[in-house]
*Asks:* 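Before I ask anything, let me first share the structure, which is written out below as structure tokens.
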Protein chains: 2
Amino acid sequence: MALLKSKVTISDVAKAAGVSNSAVSYALNGKPGVSEKTRDKVLKVADSMGWKPNSAAKALSDASSRAIGLALAYSPETISVDSYSMALFSGMCTELERNNYSLMLRIIPVGGDTMSIHRDWIADGSVDGVVITNVEIGDPRIELYKQHPEVPVVALADPSVTGGLPTLTSDDVAAARLVVDFLHELGHTHIARVAGPERYGHTFGRDRAFIEETSEMGMHYDCLHGDYSPEAGADCTARLMAFSEPPTAIVYDSDSMAIAGLQTAVAKGIAVPEQLSIVSWDDSFVCRAVTPGLTALKRNVPASGKQLVPMLLRQIAGEQVENELEDPYELIPRGSTAAACVPGGVR
Amino acid sequence: MALLKSKVTISDVAKAAGVSNSAVSYALNGKPGVSEKTRDKVLKVADSMGWKPNSAAKALSDASSRAIGLALAYSPETISVDSYSMALFSGMCTELERNNYSLMLRIIPVGGDTMSIHRDWIADGSVDGVVITNVEIGDPRIELYKQHPEVPVVALADPSVTGGLPTLTSDDVAAARLVVDFLHELGHTHIARVAGPERYGHTFGRDRAFIEETSEMGMHYDCLHGDYSPEAGADCTARLMAFSEPPTAIVYDSDSMAIAGLQTAVAKGIAVPEQLSIVSWDDSFVCRAVTPGLTALKRNVPASGKQLVPMLLRQIAGEQVENELEDPYELIPRGSTAAACVPGGVR
DNA sequence: TTGTAAGCGTTATCAA
DNA sequence: TTGATAACGCTTACAA
């Protein structure tokens, strides 16, 4: 109806080569069942006729689509700020490509529900596996895929929120320790965090890690939650700095919020890093682009995208997979952090 | 083999409802050929059994996949800097979603060849239509799709390089005029441009527009080409400023290069905007994030993504489509531009 | 209004 | 080693 297909079918090749359909199929798929002579002839004929397998027919026949599904709910504004997703796509695609798989992408407006997309995917077989990101606490997608153990899935989240589904996790606890230790060594005793939305599992995990780590270090810790938008970053920063005893360092859950925080501080006449240290969770080229450069937690997102693909392919091949850990974060110190400013005192 | 499909098929529903397969098909597709009574019964039964159409079977039967293909060649580093692609995805997906279409995404390492992906798509019918971006001069994809007029395609490029293929174009000539006029009014008589790769059709179009516009205005104009990387932006800026008579304003083809240019200037002790004005082609939140804010040419990329979808769907429906123009650019003046600094003189 | 059956292009079973 | 042939799940022309 829509697109004229490769008019050359297996039957055409069979006719031209003077053999049967099945002989052609075996020959083209490198399977036993044909003599070398027929195989050669078939291959030659198929090639000269420009035969390519029809994907729909193949999919129908062997119940696989060679596509991995990824459904995101994003606002158009937020998504262009989001270097994470793009890096994830690129990593996934690179690895999928090597296995002749495609990425089936669905992006719906924020507030929309991806559940119906997932239900369709499970039912209509248009994808061979699924990736779940931005897992929320009590996320209905987790329950859905637990009810469909036959569907290969990888959740990018903390195992505590994925209910036993195959999970690829970033070691946010270690990262939190990295930052807290770093700031502690700089003499900070009161730090704050401008976190992402509270409903996300990874936000919650970081929340817990920071509380634990700061309390262990005997540091004072405050936390506000935003939505990754620059506006939220600015607002939370203003509120934190309005405290009677404001923090001397703020860690932001995204570079967009960190940069907004930096601007807010500067606008308020708060010197960075002299009076306020700033750390961004997730590094991107903007962290290098601003002045001062933003100290950041860096992770290799494309690598994570690559890493998740074999976890999916192994499940598609019928194997069991274990949870995995991403490459560790690395702290990149830049100009936005310095020794704590002790109010009215000398260090 | 891979994923257990919706075990509920049309035959199952037919059996349960006590009618024939075709009756079920007609009923479920809202087509005439069944009585209202049977239709109701079928719908009820199908719903209670949780029937969902199998996508492969549907695709095989009516030769359509309900997916649009997009194949990009990008380096992992560049892509995370690239807010354009992400915004394009999001716009396309939003509109595709409303029509029950998916985006089939392929990203291969830079230097790789997307031609084989396109050839596969044409032959295996796994997508109903295709979007082509980053069209190069003499791009082989143009020739390929001209040889396959049956395949719905939209090229995001200047019509001069798309050989008559349906094209969605941004009015870069108007945008160039916008910038040149703006700088001219500020008194600049010698401006430069750090452009994208020369091989891209849109780079070439901008090159021409700038030459024309500046010569009309009697301005001196220089141009260097980079690859959108911050490194290239820094390098080209350094070279331009090393001229015996350096430009007083530079227009960059991407925000990543513009920001690198800004940093380079600052590092060299060149005051922005007092001694050098900077303009970024394409606005993103980084342009607001740096100090001074970057004057930028803004366009609504998600809107372009949305706009291209109907052009594709109409072709899929068998209609002819005309070339279209994107929403016009808008110049957003920020702190990075000011009146030209006349060397050794007063204005 | 209904049901039967052919066809879409593969893969895979089973006789020959 | 081969070649019919059924099966995958759906659409649709054709008969009843």
Side-chain angles (χ1 to χ4, degrees), chain A residues 1-43 46 49-66 100 120 122-126 128, chain B residues 1-42 45-46 49-66 100 120 122-126 128:
Chain A
M1 187 185 275
L3 189 152
L4 240 94
K5 297 317 172 56
S6 154
K7 289 275 61 160
V8 192
T9 74
I10 270 195
S11 306
D12 297 330
V13 176
K15 228 164 281 172
V19 296
S20 73
N21 276 13
S22 49
V24 175
S25 178
Y26 287 136
L28 291 168
N29 290 311
K31 295 200 175 170
V34 277
S35 65
E36 277 311 302
K37 225 172 61 186
T38 13
R39 183 186 304 276
D40 282 353
K41 197 208 299 179
V42 166
L43 288 178
M49 298 178 76
W51 175 86
K52 287 274 176 67
N54 175 287
S55 63
K58 195 164 223 149
L60 179 59
S61 177
D62 66 10
S64 91
S65 63
R66 301 205 82 82
N100 267 298
D120 284 352
I122 292 173
D124 73 11
S126 52
D128 290 350
Chain B
M1 189 186 273
L3 188 151
L4 240 95
K5 298 316 172 57
S6 151
K7 289 276 60 161
V8 192
T9 73
I10 267 194
S11 306
D12 297 329
V13 176
K15 227 164 282 170
V19 296
S20 74
N21 276 14
S22 53
V24 174
S25 177
Y26 288 137
L28 291 169
N29 291 311
K31 295 198 177 172
V34 276
S35 64
E36 278 311 303
K37 225 172 63 185
T38 11
R39 185 186 302 276
D40 283 353
K41 198 207 296 176
V42 167
V45 172
M49 298 179 75
W51 176 86
K52 287 275 174 67
N54 175 285
S55 63
K58 194 162 225 149
L60 179 59
S61 176
D62 67 10
S64 91
S65 63
R66 301 205 81 81
N100 267 298
D120 284 352
I122 291 173
D124 73 10
S126 52
D128 290 350

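Residue numbers start from 1 in every chain, and the chains themselves are labelled A, B, ... in the order their sequence lines are given, proteins ahead of strands.
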*Asks:* Check whether any side-chain heavy atom of B:Val13 sits under 4.5 Å from a side-chain heavy atom of B:Val8, and report yes or no.
*Replies:* yes
*Asks:* Find which nucleotide of DNA chain D each of A:Lys37 and B:Leu60 is nearest to by heavy atoms, and output the residue with the more 5' nucleotide.
*Replies:* A:Lys37
*Asks:* Look at the side-chain N and O atoms of B:Lys58 and state whether any lies under 4.0 Å from the OP1 or OP2 oxygen of D:dG9.
*Replies:* no
*Asks:* Ignoring hydrogens, what is the shortest heavy-atom contact between A:Leu28 and A:Ala46? Give both atom names and the distance.
*Replies:* CD2-CB, 3.7 Å
*Asks:* Among residues 22-33 of chain A, which residues get a heavy atom nearer than 4.0 Å to DNA chain C?
*Replies:* A:Ser22, A:Ser25, A:Tyr26, A:Asn29, A:Lys31
*Asks:* Calculate the interatomic distance between A:Asp62 atom CG and D:dA7 atom C1'; express it in whole Å.
*Replies:* 13 Å
*Asks:* Under 4.0 angstrom, heavy atoms only, what part of the nucleic acid is A:Thr38 near: base, sugar-phosphate, or nothing?
*Replies:* sugar-phosphate
*Asks:* Does either side chain, that of B:Ser25 or that of B:Ser22, offer a donor lying less than 3.5 Å from an acceptor on the other one?
*Replies:* no
*Asks:* Round to a whole Å and report the spacing from CG of A:Asn54 to P of D:dG9.
*Replies:* 17 Å
*Asks:* Grab the CZ-P distance between A:Arg66 and C:dG9 for me, whole Å please.
*Replies:* 21 Å
*Asks:* Between the opening five pairs and the closing five pairs of the helix from C:dT1-D:dA16 to C:dA16-D:dT1, how far apart are the helix axes, to 10°?
*Replies:* 50°
*Asks:* What's the shortest heavy-atom distance between B:Ser65 and B:Ala59, and which atoms?
*Replies:* CA-CB, 4.4 Å
*Asks:* Whole angstrom is fine here: how far is it from NZ in B:Lys15 over to C1' in D:dG9?
*Replies:* 13 Å
*Asks:* Run the side chain to side chain contact (heavy atoms under 4.5 Å, CB included) test on A:Ile10 and A:Asn21 for me, step by step, so that the C-alpha distance in whole Å, both residues' side-chain angles and the decisive distance to 0.1 Å come before the verdict.
*Replies:* CA-CA 6 Å; A:Ile10 270 195; A:Asn21 276 13; 4.0 Å; yes
*Asks:* I want to confirm an ordering. Mapping A:Ser11 and B:Asn21 to their closest nucleotides on DNA chain C, which one lands closer to the 5' end?
*Replies:* B:Asn21
*Asks:* Strictly distance-based, threshold 3.5 Å: is any side-chain N or O of B:Arg39 a donor or acceptor partner for the main-chain N or O of B:Lys31?
*Replies:* yes
*Asks:* Look up atom NZ in B:Lys15 and atom CE in B:Met49, then write down how far apart they are to the nearest 0.5 Å.
*Replies:* 9.5 Å
*Asks:* Between B:Ser61 and B:Val19, just flag the one whose closest nucleotide in DNA chain C comes earlier from the 5' side.
*Replies:* B:Val19
*Asks:* Take atom CG of B:Asp12 and atom C1' of D:dG9, then tell me their distance rounded to the nearest Å.
*Replies:* 10 Å
*Asks:* Could you give the CD1-to-P distance, from B:Ile10 to C:dG3, as a whole number of Å?
*Replies:* 14 Å
*Asks:* Could you tell me if the side chain of A:Val24 sits less than 4.5 Å from the side chain of A:Val19, heavy atoms only?
*Replies:* yes
*Asks:* So how far is it from B:Asp120 CG to A:Asn100 CG, rounded to the nearest 0.5 Å?
*Replies:* 7.5 Å
